[in-house]
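Structure, as structure tokens:
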Amino acid sequence: MRYREVAGAVTGGLTPLIAVALVAATGGRSRGVALFVIASCVIGGLAVELGPETRGRDLTATTVDALRDSTGTYR
């Protein structure tokens with residue numbers, strides 16, 4: 001099992017509970033949920049921006065040398 005699937009299941013599964021807790025904590029207002037969604041989008045955008053480009057790479061490479069061979073570069 002890969003960790004990204006676990007992270008997605010945990011995050012996706014807990015989101016409704018977090019939203020209900022935020023609405024209850026703010027006295028029925030949805031402002032907390034809106035801020036939670038915005039924060040989630042910012043975190044996702046940062047992950048995409050800071051993550052490495054994988055186009056053209058051998059995603060099954062297990063060593064740095066194999067990764068260099070598949071792309072010609074590796075940083």
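On a predicted model such as this, the values are computed, not experimentally measured, just so you know. For the single chain, residues carry numbers from 1 onward in sequence order.
When the side-chain contact (heavy atoms from CB on, under 4.5 Å) test is applied to T15, the partners found at least two apart in sequence or on another chain are T11, F36. Applying the side-chain contact (heavy atoms from CB on, under 4.5 Å) criterion to V48, with sequence neighbours excluded, gives no partner residue. In this view, T60 and D58 satisfy the side-chain contact (heavy atoms from CB on, under 4.5 Å) rule, not counting sequence neighbours. Listed by chain and number, the residues in a side-chain contact (heavy atoms from CB on, under 4.5 Å) with A21 amount to none (sequence neighbours excluded).
Residues L50 and V42 do not share a hydrophobic cluster, clusters being chains of Ile/Leu/Val/Met/Phe/Trp/Tyr side chains in contact below 4.5 Å. Cluster annotation: I43 and I18 are assigned to distinct hydrophobic clusters (Ile/Leu/Val/Met/Phe/Trp/Tyr, side-chain heavy-atom contacts under 4.5 Å, transitive).
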Which pairs of donor and acceptor atoms, one on a side chain in residues 24-32, lie under 3.5 Å apart (sequence neighbours left out)?
residue	atom	partner	partner atom	Å
T26	OG1	L22	O	2.9
T26	OG1	V23	O	3.3
T26	OG1	R29	O	2.8

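Rounded to the nearest 0.5 Å, atoms OG (S40) and CG (L35) are 10.5 Å apart.
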